[in-house]
Amino acid sequence: MAVSRLPLIAGNWKMNLDHLQAVAFVQKLHWTLKDAKHEEDSVEVAVFPPFTDIRTVQTLLDADKIAFALGGQDLSTKDSGAYTGEISGAFLKQLDCRYVIIGHSERREYHAETDEVVAAKVEAALRHGLAPVICVGETAEDLEKHGAAAVPVAQLEVALDGVASDADVVVAYEPVWAIGSGQAATPQQAQDVCAKLREVVAAKLGAEAAERTRILYGGSVKSGNIAGFMREPDVDGALVGGASLVTDEFAAIIRYQKHVGV
Ligand SMILES: O=C(CO)COP(=O)(O)O
């Protein structure tokens, strides 16, 4: 089933690495992965730097012909205008971003982003030709009260409202309790929720979209546990936080893909 979906390993740097550190990091990652270059068609690698790094990283990827995709960590619901501090999807697109993370739990928690705001951002991303990486996930309290799937399923239903069936979207299941905690979900837990999320994609966007849409797992992904997640039929990659900042770790997560040649 996963055969037709190109695995995506995405590094969400969050508020880490300034533009100088970003250059050093990307160069080192590229160098570390070089041996496996001939297999790069077996996995897509994406990095999500802070906004202030994006131009610098774009220039480097372009100059050195490095095949990493680039994405923003957020975007505005608006396209332009008097919105101090906001970043338009149009600006990200101009800098060759392919993706934008939307609805990360840290945005939901620290910036009070509601499901409706997330839906408006998904619409904005698609309007500008960016593929939204829609993050959903339950807190520890949600898990205890409602089980694992109820909250992420409800979040995704709202996020996909009004999205066209041919839209290019990525879904990331990130249980909040697993983020930065060192306590990842088990592969089976991830599979169970990702399968339900695929059903939501099918219900909202149709069977063809469900078949091609990549669903990632995120939350304490490391080189030591990536294999278990990637064996699951409905897990098509990973959204990696902390381990995406450590070259050897991130390279090992990517290389796992390359070696299995999915
Ligand atoms: O939030 C995450 C990625 O978006 C996951 O973070 P960690 O990999 O540090 O748990």
Side-chain angles (χ1 to χ4, degrees), residues 7-17 21-22 25 29 43-51 53-54 57 68-75 92 97-111 113 118 121-122 125 130-140 142-143 148 151-152 155-156 159 169-187 189-190 193-194 197 214-230 232 235-257:
L8 173 60
I9 300 294
N12 175 10
W13 296 0
K14 307 191 180 184
M15 198 171 70
N16 294 292
L17 306 185
Q21 293 168 319
F25 178 87
L29 181 65
V43 62
E44 182 180 8
V45 178
V47 291
F48 293 78
F51 289 134
D53 297 1
I54 289 179
V57 174
F68 302 159
L70 191 55
Q73 296 177 15
D74 184 34
L75 85 172
L92 295 176
C97 283
R98 188 179 304 165
Y99 298 105
V100 60
I101 293 172
I102 295 178
H104 192 281
S105 65
E106 288 147 19
R107 300 289 317 170
R108 294 179 190 261
E109 183 180 353
Y110 306 132
H111 301 273
E113 285 192 10
V118 170
K121 289 187 172 189
V122 169
L130 297 160
V133 179
I134 305 167
C135 298
V136 296
E138 80 287 1
T139 62
D142 295 331
L143 178 66
V151 166
Q155 289 173 333
L156 187 60
V169 302
V170 176
V171 177
Y173 169 51
E174 296 209 311
V176 182
W177 48 268
I179 295 176
S181 67
Q183 189 202 339
T186 65
Q189 283 173 320
V193 177
C194 289
L197 295 173
R214 288 169 299 174
I215 304 186
L216 315 181
Y217 166 76
S220 297
V221 170
K222 306 270 184 287
S223 60
N225 62 18
I226 183 69
F229 294 113
M230 295 309 301
E232 298 297 339
V235 179
D236 305 312
L239 183 53
V240 187
S244 80
L245 300 168
V246 183
T247 325
D248 290 343
E249 259 296 288
F250 197 49
I253 292 168
I254 296 162
R255 273 179 190 276
Y256 166 76
Q257 288 301 315

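Read the numbers this way: they start at 1 and go in the same order the structure lists the ligands and their atoms.
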(message) Within the 4.5 Å heavy-atom criterion, are Trp13 and Ser244 side-chain neighbours or not?
(response) yes

(message) Using a 4.0 Å cut-off to any heavy atom of Gly180, which atoms of ligand 1 qualify?
(response) 7 (P), 9 (O), 10 (O)

(request) Output the list of atoms in ligand 1 that are nearer than 4.0 Å to some heavy atom of Gly242, sorted by atom number. (result) 7 (P), 8 (O), 9 (O)

(message) For a quick check under 3.5 Å, do Tyr173 and Glu138 share a side-chain donor-acceptor pair by atom type?
(response) yes

(message) Looking at ligand 1, is there an atom of it that comes within less than 4.0 Å of some heavy atom belonging to Ala178?
(response) yes

(message) Under 4.0 Å, heavy-atom basis, I'd like to know which part of Asn12 is in contact with ligand 1: side chain, backbone, both or neither.
(response) side chain

(message) Quick test: of every protein heavy atom, which one is nearest to atom 2 (C) of ligand 1, and how far off is it to 0.1 Å?
(response) Glu174 OE2, 3.2 Å

(message) Taking distance alone, with N or O pairs closer than 3.5 Å, would you say Gly219 contacts ligand 1?
(response) no

(message) Are any of the N/O atoms on Gly218, whether in the backbone or the side chain, positioned under 3.5 angstrom from an N/O atom of ligand 1?
(response) no

(request) State, with a plain yes or no, whether a side-chain heavy atom of Ile9 is found less than 4.5 Å away from one of Ile226. (result) yes

(message) How far is atom 8 (O) of ligand 1 from the closest protein heavy atom, and which atom is that?
(response) Gly241 N, 2.9 Å

(message) I'd like to know if Glu113 and Arg107 make a salt bridge, using a cut-off of under 4.0 Å between side-chain N and carboxylate O.
(response) yes

(request) May I ask you to list the atoms of ligand 1 that are less than 4.0 angstrom from any heavy atom of Leu239? (result) 3 (C), 4 (O)

(message) When you measure from the heavy atoms of Lys222 to every atom of ligand 1, does any distance fall below 4.0 Å?
(response) no

(request) Answer yes or no: does an N/O atom from Glu106 fall short of 3.5 Å to an N/O atom of ligand 1? (result) no

(request) Indicate yes or no: does an N/O atom of Ala243 lie under 3.5 Å from an N/O atom of ligand 1? (result) no

(message) If only side-chain N and O atoms count, and only distance matters, is there a donor-acceptor pair under 3.5 Å linking His104 with Glu174?
(response) yes

(message) Let me confirm one number: the OG-OH distance from Ser223 to Tyr256, rounded to the nearest 0.5 Å.
(response) 12.5 Å

(message) Tell me whether the rings of Phe48 and Tyr99 are parallel (<30°), tilted (30 to 60°) or perpendicular (>60°).
(response) tilted

(request) Please confirm whether Ser181 comes within less than 3.5 Å of ligand 1 when only nitrogen or oxygen atoms on both sides are compared. (result) no

(request) Taking only Lys NZ, Arg NE, NH1 and NH2, and the carboxylate oxygens of Asp or Glu, determine whether Lys222 and Glu249 approach each other closer than 4.0 Å. (result) no

